[in-house]
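For reference, the structure is listed below as structure tokens.
Counting from 1, the numbers follow the sequence of the chain as shown. The analysis underlying the following values was restricted to heavy atoms, covering all of them including side chains, and did not include hydrogens, waters or symmetry mates.
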Amino acid sequence: MTFTGTALKSVIEERVRAASDTLLELSHRIHAHPELAFEEVKASGWVAEALASAGFDVEHGCYDLPTAVRATIGSGPVHIGICAEYDALPGIGHACGHNLIAAAAVGAGIGLADVADELGLTVTILGTPAEEGGGGKILMLERGAFAGLDVAMMVHPAPVEMAAMPGTAVCQLDVSYRGKPAHAGAYPEEGINAADAMTVAQLAIGLLRQQTRRDDKIAGIVTEAGSAANIIPEASRGHWILRSDTAEALTALKERVLRCFEAGALATGCDLAVKPTGPDYADLRPDDALLGYYRANAEALGRVFPEVPAGFAGAATDMGNVSHVIPTIHPILGLDCAPAGNHQPEFTAACITPAADHAVIEGAIAMAWTAADFATAT
């Protein structure tokens, strides 16, 4: 059967809406069983099963990642990639709505499955683990998961709708100092104070902030700094997050902050160890043409894009690294749940409301329509 133009988009929408019960059950089931980064055994399995049932050729546990999924359908020359995320946050579950992301990606795949060859499309759904700090997409990118794709896309929930989320570059560092313990009253001169080293570093970073760019942000906590006041602390440890608006600016900021940590070691005689907790996330660079298709399609479904609030700094995503390699979009589905925001317990609750369910279905349709527009224009 041959479909063109509006008729083809109607077929896509019908397929997604016909699968609504399956998609919403998937979203709610993932939400009810939160799994942390690289531990998404159930969620990745459910995504793989749903896509296999829709006729996709599915690999589960690929790219040396047990919870990664690759599912492909169609044989056309234009290759579309749609990303599903499904990891949760410690303690507060799906407070970033990755259950919606997974279900919407599956829904877009279902919408395109019957018309992929008609459109000249190959459609690949990538289940990407560990977005919350583990950089699953970065690992998959390095291992060839995105090779051959013409574009990549996904949707992500937040309090308000946005076509293009400001995406910052981020790195996370574990910092530790090793000194020498001693009795703080009887033999203090024999000690090397690791807590002092961390204090010197924090002071240096505090002074550095006056000379950093307005888009640079430095945040950190001390997680260990001694156990008793009468013992010179032998060890101290902290966790630091650095953010900037571009990957290049982040590299420059990191060099300056590392010198602050080195200052703590130099001043006290401690040994310093700095360890990244995962790969650096690059800034998100959405493709304007693809974004134009998506916005028009979302608006056709009745979704509204208010102006982004002044001063909104955005967030980090490993989709940013993908956007530096192939044309990419990462639009935001508004759940109309302000003041509840991502990474708050109130947002966890918002991610299984009727507004969230509507976002799953409409996000799936908008992505599938966007894939159809791209294929038609290519």
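Under the 4.5 Å side-chain heavy-atom criterion for grouping Ile, Leu, Val, Met, Phe, Trp and Tyr, Leu266 is not connected to Tyr177 through any hydrophobic cluster. Val78 and Ile329 end up in the same hydrophobic cluster when Ile, Leu, Val, Met, Phe, Trp and Tyr side chains are linked at under 4.5 Å. In the hydrophobic clustering of this structure, Ile361 groups with Val47; members are Ile, Leu, Val, Met, Phe, Trp, Tyr whose side-chain heavy atoms approach within less than 4.5 Å, directly or through other members.
Partner of Asp245 under the salt bridge (Lys or Arg N to Asp or Glu O under 4.0 Å) criterion, out of Arg214, Arg213, Arg285: Arg213 alone. When the options Ile82, Ile80, Val16 are evaluated for a side chain to side chain contact (heavy atoms under 4.5 Å, CB included) with Met367, the one that passes is Ile82.
Contact detail for Leu51 and Ala71: the closest heavy-atom pair is CD1-CB, 3.6 Å.
Between the Arg70 side chain and the Leu126 main chain, no donor and acceptor come within less than 3.5 Å of each other. Asn321 places a side-chain N or O within 3.5 Å of a backbone atom of Asp280 that can act as its donor or acceptor partner.
Below 30°, between 30° and 60°, or above 60°: for His98 and His94 the angle between ring planes is between 30° and 60°, a tilted geometry.
A donor-acceptor contact closer than 3.5 angstrom links the side chains of Lys9 and Asn297. One side chain, Thr124 or His79, offers a donor N or O that lies under 3.5 Å from an acceptor on the other. Judged purely by distance below 3.5 Å, without hydrogens or angles, the side chains of His60 and Ser44 pair a donor atom with an acceptor atom. Remark: the Asn193 side chain and the Thr268 side chain contain no N/O donor-acceptor pair separated by less than 3.5 Å. A donor-acceptor contact closer than 3.5 angstrom links the side chains of Asp117 and Ser75.
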- [ ] For Thr328 and Asp287, run side chain to side chain contact (heavy atoms under 4.5 Å, CB included): C-alpha distance rounded to whole Å, both residues' side-chain angles, the deciding distance at 0.1 Å, then the answer.
- [x] CA-CA 6 Å; Thr328 298; Asp287 181 78; over 6 Å; no

Task: Verdict with reasoning, Glu255 to Arg259, per salt bridge (charged side-chain N to carboxylate O under 4.0 Å, His left out) - done: CA-CA 7 Å; Glu255 290 176 358; Arg259 288 198 289 269; 5.0 Å; no

- [ ] I would like to know whether Arg303 and Glu362 meet salt bridge (charged side-chain N to carboxylate O under 4.0 Å, His left out); could you show each step before the answer?
- [x] CA-CA 8 Å; Arg303 302 195 73 83; Glu362 291 170 356; 2.5 Å; yes

Task: Full working for side chain to side chain donor-acceptor pair (under 3.5 Å) between Ser27 and Asn99 - done: CA-CA 5 Å; Ser27 174; Asn99 57 301; 3.0 Å; yes

Open item on the list: Pair Arg15, Asp114 - check side chain to side chain contact (heavy atoms under 4.5 Å, CB included), show working.
Closed with: CA-CA 9 Å; Arg15 298 292 191 270; Asp114 289 343; 2.6 Å; yes

- [ ] Let me see the working for Cys337 and Phe347 under side chain to side chain contact (heavy atoms under 4.5 Å, CB included), right down to the final yes or no.
- [x] CA-CA 8 Å; Cys337 61; Phe347 196 77; 3.6 Å; yes

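In this structure, Thr370 and Leu290 have side chains that are in contact, with non-hydrogen atoms separated by less than 4.5 Å.
Between Tyr293 and Trp369, the ring centre distance reaches or exceeds 6.0 Å.
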